[in-house]
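Just so we're clear, the structure is a prediction, and the values are computed from it rather than from any experiment. Order of the sequence lines fixes the chain letters, A, B, ..., with proteins taken first and strands second; residue numbering starts at 1 for each chain.
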There are 2 protein chains.
Amino acid sequence: MLRLSKMTDYGVVVMGRLASRPDERQSAADVAANTGLPPATVGQVLKALATGGLVSGTRGAQGGYLLSRRPEAISVAEIVVALDGPVAITACVEGADDPCSVEATCLLKGSWDAVNIAIEDALKQVTLADMLAPLFQFNPPPTELREATP
Amino acid sequence: MLRLSKMTDYGVVVMGRLASRPDERQSAADVAANTGLPPATVGQVLKALATGGLVSGTRGAQGGYLLSRRPEAISVAEIVVALDGPVAITACVEGADDPCSVEATCLLKGSWDAVNIAIEDALKQVTLADMLAPLFQFNPPPTELREATP
DNA sequence: ATCTATTTGGACCAATCTACTCCTATTGGC
DNA sequence: GCCAATAGGAGTAGATTGGTCCAAATAGAT
Ligand code: FES
Ligand code: FES
């Protein structure tokens with residue numbers, strides 16, 4: 001089904017919540033309460049985002065998470081990579097660890113790379129700010145995706 | 001990992017094999033032998049492709065499968081849809097059956113649609129002939145993906 | 001007409017992955 | 001020193017996947 005993991009979906013929601021209060025450190029429990037997502041899972045998502053360098057966590061009392069960059073400077077591709085690992089739509093693209101079982105005899109070795117790069121580009125062109133555009137007006141709507149926003 | 005199911009991967013390999021002998025009806029076992037894929041799984045893949053109208057199966061002795069269209073007229077998107085169902089990267093896009101659990105309170109309702117359409121377009125622009133281009137010369141290389149084919 | 005090869009459609013199972021939870025250690029402020 | 005919160009890991013129940021198998025339908029050949 002060409003599914004993106006639900007974690008990535010949550011990731012964007014969580015980032016959106018953080019972006020809505022740019023100067024306020026919010027704890028994982030706080031974010032969970034305001035988004036309606038399972039608290040423990042939100043914690044895990046924020047941990048992964050922190051590892052990826054998209055948010056910075058502060059421990060201790062009055063601690064919490066903060067966006068490490070402005071929403072316009074964060075692409076959806078980065079969120080996907082932080083939560084789901086590198087984009088590799090099949091086992092036959094260069095980045096994949098588990099090589100395709102029939103790559104020796106396969107006629108199409110490497111043919112998926114073009115598709116993979118195209119998808120990667122599509123994800124890179126959309127920023128977090130673009131996804132929040134209907135709510136806050138950060139910047140003009142994306143240029144490449146005019147068909148999607150009628 | 002933004003994974004496309006392995007079935008789709010196999011689907012393209014199988015289609016490629018059929019395309020290499022355009023006038024010859026090939027049985028599932030035949031295709032399996034020539035691709036090195038598990039025979040029973042190849043049968044399942046061809047069944048799904050037949051249901052999707054991409055290949056036409058002829059039963060009985062000397063039967064087999066035949067491409068129902070020319071390779072240039074078959075997009076990767078069609079193969080993906082036939083084997084993996086409609087492209088819906090998250091549970092929050094319009095096409096998805098299982099609605100996102102927090103869509104009521106979610107701020108980003110519908111924001112994934114733009115990304116989804118962009119990916120769909122990327123898949124539609126690549127044809128089966130394009131994927132076989134390194135082997136046979138069907139037509140000029142894809143225009144939109146020049147970065148992918150240096 | 002009968003036989004045989006082959007597709008079709010369905011159900012079926014084992015392995016894997018996912019979403020989610022929980023526990024412990026570490027860190028910083030009060 | 002104590003409390004609040006992250007960091008990092010392990011662990012589990014459920015869903016999904018890749019793969020197999022078998023009965024039924026169908027078309028060509030004898
Ligand atoms: S299908 Fe994997 S290398 Fe061709
Ligand atoms: S995350 Fe599903 S509707 Fe917003």
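OP1 or OP2 of D/dA7 has not a single side-chain nitrogen or oxygen of A/T51 nearer than 4.0 Å. When the side-chain nitrogen and oxygen atoms of A/T41 are compared with OP1 and OP2 of C/dT21, one or more of them lie within a distance under 4.0 Å. Residue B/Y10 places at least one side-chain N or O under 4.0 Å from the OP1 or OP2 atom of D/dG19.
In this structure, the CZ atom of A/R3 is 9 Å from the P atom of D/dT17, given to the nearest Å. At whole-Å resolution of the value, CG in A/L49 and P in D/dT6 are 13 Å apart. Here C/dT18 presents its P atom at 15 Å from CG of A/D9, a figure rounded to the nearest Å. As a whole-Å value, the separation of A/L2 CG from D/dT16 C1' is 15 Å. Rounded to an integer number of Å, the gap from CG of B/L46 to C1' of D/dG19 is 15 Å. A/Q44 places its CD atom 13 Å from the C1' atom of C/dC17, with the value rounded to the nearest Å. B/K6 has its NZ atom 15 Å from the P atom of C/dA15, to the nearest Å.
Closest approach of B/G43 to B/A28, counting heavy atoms only: CA-CB, 4.1 Å. In terms of heavy atoms, A/A122 sits closest to B/I119 at CB-CG1, 4.5 Å. Minimum heavy-atom separation, B/D130 to B/Q125: OD2-O, 3.8 Å. In plain terms, the two heavy atoms of A/L123 and A/S75 that are nearest each other are O-CB, 4.2 Å.
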> Can A/L49 and A/Y65 be said to form a side-chain contact (heavy atoms from CB on, under 4.5 Å), step by step?
Replying inline: CA-CA 10 Å; A/L49 289 171; A/Y65 289 96; over 6 Å; no

>> As a quick check of understanding, evaluate side-chain contact (heavy atoms from CB on, under 4.5 Å) for B/L2 and A/T8, giving each step before the final call.
In response: CA-CA 10 Å; B/L2 190 55; A/T8 304; over 6 Å; no

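Between the A/N116 side chain and the A/V87 main chain, a donor and an acceptor come within less than 3.5 Å of each other.
The hydrophobic clustering, which links ILVMFWY residues whose side-chain heavy atoms are closer than 4.5 Å, places A/V81 and A/V76 apart.
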>> Using a 4.0 Å heavy-atom cut-off to protein, can you give one letter per nucleotide of nucleotides 1-7 of chain C, 5' to 3': B if the base is in contact, S if only the sugar-phosphate is, - if neither?
In response: ----BBB

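Taking NZ from A/K47 and CG from A/L83, the interatomic distance works out to 12.5 Å, rounded to the nearest 0.5 Å.
Contact check of residues 77-85 of chain B against DNA chain D (heavy atom, cut-off under 4.0 Å) returns no residues at all.
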